[in-house]
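One structure is given here, and the rest of the page talks about it.
Numbers here are sequence positions counted from 1.
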Amino acid sequence: MGIIYFLVYLFLEILFSYEFAKIFTPFGLFLEVLISAGVGVYILRTLHFSLAVEMQRVFRREISEEEFVTSGLFKLIGAFLLIIPGVFSDIVGILFLFEPFARWVARKIFPQNTHRYHYHKEDDGEIIDVEIVEIIEDNSKK
């Protein structure tokens with residue numbers, strides 16, 4: 001099944017590159033490949049800054065851990081797609097850099113987590129200590 005996806009990708013890549021070269025000449029396609037590769041390398045080199053900002057948003061409970069992982073993952077994939085020569089991969093790479101599109105793709109690819117954790121801070125000054133004990137029955141005595 002993977003070979004079919006690869007062949008579809010390859011066909012779309014050649015088609016988009018051919019149409020781009022017809023409109024903007026082969027030199028324009030060459031410049032597009034160089035510029036998009038430079039942008040992809042720049043994004044990879046500065047990815048740790050954007051991940052640090054996103055991590056601060058996780059600490060402030062503005063986004064969940066899953067959103068942090070998917071946004072970082074899709075930024076990384078988008079940067080790699082920009083480095084790969086071709087117009088179709090550049091279009092998909094740019095789309096992955098936009099957070100709403102990346103969330104939409106993540107919802108389609110990754111299963112939804114049904115557990116939602118809501119954190120709230122109550123400042124009543126009371127601390128409750130809880131101990132959880134698990135009782136395991138011995139089935140060998142029956």
What heavy-atom pair brings G40 and L82 nearest, and what distance separates the two atoms? CA-CB, 3.9 Å
Got a sec, which residues hit salt bridge (charged side-chain N to carboxylate O under 4.0 Å, His left out) with R103, two or more places apart in sequence or on another chain? E99
Which residues share a side-chain hydrogen bond (donor to acceptor under 3.5 Å, both in side chains) with S36, sequence neighbours left out: D90
Kindly check if the number of other-residue, nucleotide or ligand heavy atoms within 6.0 Å of OH (Y9) is above 12? yes
Distance (rounded to the nearest 0.5 Å) between L76 CG and L44 CG: 6.0 Å
Starting from L81, can I reach I83 by hopping between I/L/V/M/F/W/Y residues whose side chains sit under 4.5 Å apart? no
Can you list the residues that meet the ring pair (Phe, Tyr, Trp, His ring centres under 6.0 Å) rule with F96, with sequence neighbours excluded? F74, F101
Common cluster, I63/V69, ILVMFWY with side-chain heavy-atom separation under 4.5 Å: yes
Side chain to side chain contact (heavy atoms under 4.5 Å, CB included) with F16: which residues, sequence neighbours excluded? L12, V87, F88, I91
Could you report the tightest heavy-atom contact between L51 and G72, atom names first, then the distance? CD2-CA, 3.7 Å
Got a sec, which residues hit ring pair (Phe, Tyr, Trp, His ring centres under 6.0 Å) with F80, two or more places apart in sequence or on another chain? none
Measure across I84 and S89 and return the closest heavy-atom pair with its distance rounded to 0.1 Å. O-OG, 3.3 Å
About how many Å separate CG of L97 and OG of S50, when rounded to the nearest 0.5 Å? 9.5 Å
Consider only side-chain heavy atoms of I, L, V, M, F, W and Y, link residues closer than 4.5 Å, and tell whether V41 and L47 are in one cluster. yes
Throw together a table of side-chain donor-acceptor distances under 3.5 angstrom for residues 23-32, partners on residues two or more places apart or in other chains.
from, atom 1, to, atom 2, distance (Å)
T25, OG1, G28, N, 3.3

Taking only residues two or more places apart in sequence or in another chain, which ones pass salt bridge (charged side-chain N to carboxylate O under 4.0 Å, His left out) with E13? none
Pairs where residues 35-73 contributes a residue and the test ring pair (Phe, Tyr, Trp, His ring centres under 6.0 Å) is met, not counting sequence neighbours: none
Grouping ILVMFWY residues whenever side-chain heavy atoms fall under 4.5 Å, the cluster of Y18 otherwise contains none
Can you see which heavy atom on S17 is nearest to which on G86, and at what distance? OG-CA, 3.9 Å
Scan residues 75-86 for pairs that pass side-chain hydrogen bond (donor to acceptor under 3.5 Å, both in side chains), counting only residues two or more places apart or in two chains. none
Under the side chain to side chain contact (heavy atoms under 4.5 Å, CB included) rule, collect the residues that match up with L10, sequence neighbours excluded. F6, I14
Nearest 0.5 Å, what's the CD-CE distance between E65 and M55? 10.5 Å
With R60, which residues qualify under side chain to side chain contact (heavy atoms under 4.5 Å, CB included), at least two apart? Q56, R57, E62
